[in-house]
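Everything numeric in this text was worked out from a predicted model, so none of it was measured. A note on names: the letters A, B, ... follow the listed sequences, proteins ahead of strands, and every chain is numbered from 1.
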Amino acid sequence: MMHQPAPGGVVPPPQMTGDPQQLQQYQQPTPQQWMMMQQQQQAPPQPVPPPAGWTPQPVPPPSQMQQYQAVQGAVGAGEIRSLWIGDLQQWMDENYLTGIFAHTGEVLSAKVIRNKQTGLPEGYGFIEFISRGAAERILQTYNGTSMPSTDQAFRLNWAALGPGEKRQDEGPDYTIFVGDLAADVTDYMLQETFKAVYPSIKGAKVVTDRTTGRSKGYGFVRFGDENEQIRAMTEMNGMLCSTRPMRIGPAANKKPLTMQQYPKGYQEALILGGLDLYQLK
DNA sequence: GATGAGCGC
């Protein structure tokens, strides 16, 4: 196992006594506010505005965070020290997120992304730590384990961008399906397996069960270069990743190309064929 | 087990 208990200085949470990858049905003593909110939430499945009293207490940042705020400027600028967190439930707010890691003293802030129109959480957020190392420890230690007060697994990853940065299209992705993966294969391992031979690799993702966080045994690898995608389909089929040979197939692309990504002649054919432009945007 | 969906104003 690559994972290790958090090194000195960081008190591991109580559920972290064993292998973090072994999911536990551990239930932490439940803060009442969260439970109450959870119940409110479950009763009427509301599409629209958060009930008043959604947030039990406004978030006064713990005083220790302010100390670290000062440190922040000294920390390497441009260093990514935020984690992206997904699969959040609706009642999980900034308080909840910072609370989880408060004992480390290394959390700077948390942000839950909400829909601008409805104000409802989008199901993901960001957590900023005092350093990349701190964030990495959290990622290693918690990813895949149960979130407090739930049997929902943490889904954590590096934040790809800093706040305010724009995600730019680097062109289309060429994706392959990879099946027969061993249970221990992670996004990172999958990507590394291809990286040396296919430099255009953009990312790899192992599909996991939403609640347990366990691998479903298949995933996707994205390339920037179509030729590398095509080569990988044959060259990597049957190659070992972790302990098992991969079975590679074409990816069923759920996300259609944008109109600009089609070759010119093909665009016209689509239009003549009555395919609406807006379906492709 | 067999075709996801996840990046901030």
Side-chain angles (χ1 to χ4, degrees), chain A residues 23 59 78-90 92-94 97-98 107-129 132 135 138-139 142-144 147 152-170 172-191 194 201-223 229 232-233 236-238 241-258 280-281:
Chain A
L23 300 169
V59 191
E79 160 185 87
I80 294 178
R81 53 179 190 276
S82 293
L83 298 179
W84 178 94
I85 182 167
D87 288 353
L88 296 180
Q89 296 172 7
Q90 300 239 322
M92 296 173 173
D93 58 9
E94 282 81 356
L97 294 178
T98 53
V107 179
L108 281 178
S109 64
K111 183 178 189 178
V112 171
I113 304 306
R114 295 181 173 79
N115 183 286
K116 285 195 196 67
Q117 273 77 46
T118 64
L120 289 173
E122 297 277 17
Y124 71 92
F126 297 88
I127 307 167
E128 187 184 10
F129 295 88
R132 184 175 177 84
I138 297 299
L139 183 60
Y142 285 84
N143 208 11
M147 300 182 77
Q152 168 88 40
F154 274 106
R155 182 170 294 200
L156 293 164
N157 220 323
W158 286 108
L161 308 161
E165 287 182 71
K166 262 268 178 72
R167 163 166 294 232
Q168 70 259 26
D169 314 338
E170 294 117 12
D173 290 348
Y174 301 96
T175 305
I176 61 173
F177 171 90
V178 184
D180 252 356
L181 296 175
D184 67 319
V185 174
T186 61
D187 292 359
Y188 182 76
M189 288 166 63
L190 189 57
Q191 168 150 352
F194 286 82
I201 190 162
K202 282 185 168 179
K205 177 172 160 178
V206 174
V207 176
T208 54
D209 181 279
R210 222 177 144 72
T211 49
T212 66
R214 292 192 48 142
S215 167
K216 288 188 174 174
Y218 66 90
F220 298 88
V221 180
R222 294 179 298 121
F223 303 89
Q229 175 208 33
M233 297 264 290
M236 296 299 280
N237 195 36
C241 181
S242 180
T243 56
R244 294 168 63 171
M246 299 178 283
R247 218 196 70 190
I248 295 183
N253 235 341
K254 287 191 145 182
K255 196 154 85 181
L257 298 175
T258 65
L280 297 169
K281 274 317 255 185

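- Residue order along DNA chain B, read from the 5' end via each residue's closest nucleotide, puts A:F177 first among A:K111 and A:F177.
- Per the geometry, CZ belonging to A:R244 stands 11 Å off C1' belonging to B:dA2, to the nearest Å.
- Taking a cutoff of 4.0 Å between a charged side-chain nitrogen and a carboxylate oxygen, A:D87 and A:R210 qualify as a salt bridge.
- A:F126 places its CZ atom 6 Å from the P atom of B:dG8, with the value rounded to the nearest Å.
- Ion pair A:D180/A:R247 not flagged as a salt bridge, since none of the NZ, NE, NH1 or NH2 atoms sits closer than 4.0 Å to an Asp/Glu carboxylate oxygen.
- Atom C1' of nucleotide B:dT3 and atom CD1 of A:I248 are separated by 14 Å, given to the nearest angstrom.
- Residues from residues 201-210 of chain A with heavy atoms under 4.0 angstrom of DNA chain B, sorted by number: A:K205, A:V207.
- Of all nucleotides listed (B:dC9, B:dC7, B:dG4), B:dC9 comes nearest to the side chain of A:K116.
- Counting non-hydrogen atoms under 4.0 angstrom, A:G217 reaches nothing in the nucleic acid.
- Once the 5.5 Å centre distance and the 30° plane angle are applied, the aromatic ring of A:W84 is found stacked with the base of B:dG6.
- To the nearest angstrom, C1' of B:dA5 lies 13 Å from CD of A:E122.
- For A:F223 and A:Y174, the ring centers sit 6.0 Å or farther from each other.
- Nucleotide B:dG6 is shown with an anti base, its glycosidic torsion being more than 90° from 0.
- In this structure, A:L190 atom CG and B:dG4 atom P are separated by 16 Å, rounded to whole Å.
- Following rounding to the nearest Å, A:L156 (CG) and B:dC7 (C1') show an atom-to-atom distance of 13 Å.
- At whole-Å resolution of the value, CG in A:D173 and P in B:dG4 are 16 Å apart.
- Residue A:F220 is in base contact, counting any heavy-atom pair closer than 4.0 Å across all strands shown.
- Distance A:I127 CD1 to B:dC7 C1': 13 Å, rounded to the nearest Å.
- Note on A:D87: nothing from the nucleic acid sits closer than 4.0 angstrom, heavy atoms only.
- Both thresholds, 5.5 Å between centres and 30° between ring planes, are not jointly met by A:Y218 relative to the base of B:dG1, so the two rings are not stacked.
- A salt bridge does not link A:K205 with A:D187: every distance from a Lys NZ or Arg NE/NH1/NH2 to an Asp or Glu carboxylate oxygen is 4.0 Å or more.
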Exercise. Would you sort out whether A:E94 and A:R114 count as a salt bridge (charged side-chain N to carboxylate O under 4.0 Å, His left out), showing the intermediate values?
Key: CA-CA 11 Å; A:E94 282 81 356; A:R114 295 181 173 79; 3.2 Å; yes
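- Between A:K216 and B:dG4 there is no side-chain N or O to OP1 or OP2 distance below 4.0 Å.
- Under the 6.0 Å distance and 45° angle rule, A:R132 counts as a cation-pi partner of A:W158.
- Judged purely by atom type and a 3.5 angstrom limit, A:N115 has no side-chain atom pairing as donor or acceptor with the backbone of A:L120.
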